Amino acid sequence: MGNLGCHRSIPRDPTDFCHGKRKFSAACNFSNILVNQERLNINAATEEELMTLPGVNRTVARNIVEYRECIGGFRKVEDLALVTGVGATKLEAVKLEICVSSKSGSSQHSPSSVQKDHEHGACTGLNINAATPAQLVSIRGITEKLAKNIVDYRTAHGPFRSIEDLVKVPQVSSSLLDRIRFQIFVQRSRTPSAATSGGLTCATKSQPSPTALSLASGELELLPAGPVRITSVRPYVEPPPGTRDGKPVVRVATWNLQRCSYEKANNPGVREVVCMTLLENDIKLLAVQDLADQEALDKFCTELNQPSLSSVCKWKGPPGLWKCATSGKPTGQSCTGPEYSGFLWDTSAAIQLKDAMVLDNSGDTGTSSHTQPKAYVAHFSIKSSELTVVNMHTTSLPREQDGRKLSSEVLKAHKLSPGVQEILRDEKAVLVLGGFGLPSDCAELEALRRERLSALLPPSVYTNISTRAPQGSLCLDNIWASRAIRKSYTGHCFVVREGLTNPWIPDNWSWGGVVSEHCPVVAELYTVAMVKEMLHNRSSIATVEREHVFTKHER
């Protein structure tokens, strides 16, 4: 009797099913499972062949095959213990009778070589803390309803701490968890050497981290690492008519883009979200805060005028003709460096920038730990009307820390400079917009109320956003209008919450993040009712820093 290399001698005639204590099916094919003279290759054995192992019945054998298919093959024999129905006890019973190799390989992998292959191999499962509903459905046993339940639970309660937490999700049972546990894993953070692809985790060390991603749209196909889904899903909108009650309107907005550098603006996902948010919501004039680079707005302006991204190219509404301007001088200081403010507007809507200036804060010595931010003021003409826009960004400090000293710092951060006070008193059609860090009913914003300005957004409306809390929890941004502007206000002021994420935007060490933790705030004005009056003597403003050469900041 010949020995074909299996863990036991094989009968000469396959129809002889009773050789010793082993039983073999007539359908058993040993041509690709014989690795050495004693062991069974569990990476190539069929269900029938696996059932020849002690304690392995049909159900366990099927689990082994399914697990093997999901992970792309066992890396070491110890991996068999992860299969439902095997465990450590049964593994010990069969350990000496099995081996691991590729289907076509003829030698058993050593543990060290298996570990090396594992470190440089492909994806090993689905991270349920980063997977999208579409990726979750790819797991056998997960329906679209279950995938939605998992994502909804994760959004409401934060990331899963362990795989076992899945049973807390509606309609996820313990038996289902046992069937899918070898296809998933939980990861809450990642070392810099790893890169992620949607919810799939790969250990390819040469791949860049998501935070380093900055690509032109033409380079999308060349990216070695990135999200599985490269096209975003935009909310369905009809191009706005540009009128309200038969009267022409213009929409003005504010958006804190949160340390928007040139590199961040060069990310295709960031560019798409910013540009499509403007187009879909018919925003014609946007005040931007927290720019890390003055050139960042150029990327959005270029994309709007010369679209390269698919969604921008396919926009059915009027594309507009866009220009942008930045403050030229820093308007604030963050822990990572100076920040600038800017404007982005559509000249095809008959909007023109007349001039812009940075208002100096008289009396601010800069010795405080919380220097008072400067306002970036612009005078626009909209059709035959004129509008003064004060772009501000102040950050609040927690009141419960450091007592009175901290409270005085908060009050100073929200104190209006003499230049801003002069504008609010002398000019009629004024909008003060930006990030204030506080809801409109806070005492710290009393300075705006004293100048007879009213917040268009109530304090109960949240303006922040994150992938964990899409509905937000804080009111940080607003638009304040003078009495003359309130006469032209249509009564429509809203927060944009849809379409602010993109598969190409990093979200910690995953993908599908938001452009900023701030939402755009949009106000709608009747253009025919806007007051046509400007400041008569702008030279009387105390300590004004002007940008004399527009070519430096208007593009």
Side-chain angles (χ1 to χ4, degrees), residues 1-11 14 16-125 140 162-164 174-175 177-186 201 203:
M1 179 177 63
N3 193 321
L4 299 182
C6 192
H7 61 288
R8 290 290 182 95
S9 297
I10 309 301
D16 182 6
F17 305 132
C18 299
H19 180 79
K21 296 181 181 179
R22 291 303 234 220
K23 295 183 180 181
F24 296 93
S25 166
C28 185
N29 181 0
F30 296 92
S31 61
N32 65 345
I33 69 169
L34 307 180
V35 179
N36 57 36
Q37 294 186 350
E38 296 296 332
R39 303 191 178 192
L40 179 69
N41 179 10
I42 58 175
N43 269 342
T46 64
E47 290 183 17
E48 298 283 348
E49 294 153 358
L50 290 167
M51 288 170 63
T52 66
L53 295 171
V56 177
N57 56 24
R58 173 71 67 180
T59 300
V60 175
R62 181 176 295 114
N63 290 345
I64 293 172
V65 172
E66 290 180 353
Y67 181 89
R68 184 178 69 199
E69 291 175 353
C70 289
I71 66 173
F74 296 97
R75 303 294 182 180
K76 54 184 182 295
V77 294
E78 287 77 12
D79 290 343
L80 192 65
L82 302 176
V83 177
T84 302
V86 179
T89 302
K90 192 165 294 184
L91 174 64
E92 286 299 317
V94 302
K95 191 172 183 179
L96 297 180
E97 302 192 36
I98 60 176
C99 65
V100 169
S101 177
S102 63
K103 284 190 175 184
S104 59
S106 59
S107 62
Q108 181 181 4
H109 289 286
S110 66
S112 61
S113 65
V114 169
Q115 180 65 26
K116 183 177 181 181
D117 290 342
H118 177 72
E119 291 177 354
H120 295 84
C123 300
T124 59
R140 184 179 302 179
S162 66
I163 291 177
E164 280 67 31
S174 299
S175 59
L177 178 60
D178 287 338
R179 294 199 302 271
I180 67 173
R181 67 169 57 249
F182 53 81
Q183 306 175 57
I184 59 177
F185 70 97
V186 167
T201 298

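Keep in mind that what you see is a predicted model, and the values were worked out from it rather than measured.
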Is there a donor-acceptor pair closer than 3.5 Å between any side-chain N or O of [X] and the backbone N or O of [Y]?
{"X": "Asn63", "Y": "Thr84", "result": "yes"}
{"X": "Lys90", "Y": "Gly85", "result": "yes"}
{"X": "Asn43", "Y": "Phe74", "result": "yes"}
{"X": "Glu92", "Y": "Thr89", "result": "no"}

Rounded to the nearest 0.5 Å, what separation is found between the [atom1] atom of [X] and the [atom2] atom of [Y]?
{"X": "Arg62", "Y": "Leu50", "atom1": "CZ", "atom2": "CG", "value": "11.5 Å"}
{"X": "Glu66", "Y": "Ile180", "atom1": "CD", "atom2": "CD1", "value": "12.5 Å"}
{"X": "Leu82", "Y": "Ile64", "atom1": "CG", "atom2": "CD1", "value": "11.5 Å"}

Looking at every heavy atom in both [X] and [Y], which two are closest together, and how far apart are they?
{"X": "Arg75", "Y": "Asp79", "value": "N-OD2, 3.2 Å"}
{"X": "Val94", "Y": "Pro54", "value": "CG1-O, 3.4 Å"}
{"X": "Leu177", "Y": "Ile163", "value": "CD1-CG2, 3.3 Å"}
{"X": "Ala81", "Y": "Ala88", "value": "CB-N, 4.3 Å"}
{"X": "Ala61", "Y": "Val56", "value": "N-CG1, 3.8 Å"}

*Checking side chain to side chain contact (heavy atoms under 4.5 Å, CB included) against Glu97, which of Val77, Thr52, Leu53, Ile42 comes through?*
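When Val77, Thr52, Leu53, Ile42 are each tested with Glu97, the side chain to side chain contact (heavy atoms under 4.5 Å, CB included) holds only for Leu53.
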*For Arg58, check salt bridge (charged side-chain N to carboxylate O under 4.0 Å, His left out) against everything at least two apart and list the hits.*
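With sequence neighbours excluded, Arg58 shows a salt bridge (charged side-chain N to carboxylate O under 4.0 Å, His left out) to Glu47, Glu48, given in chain and number order.
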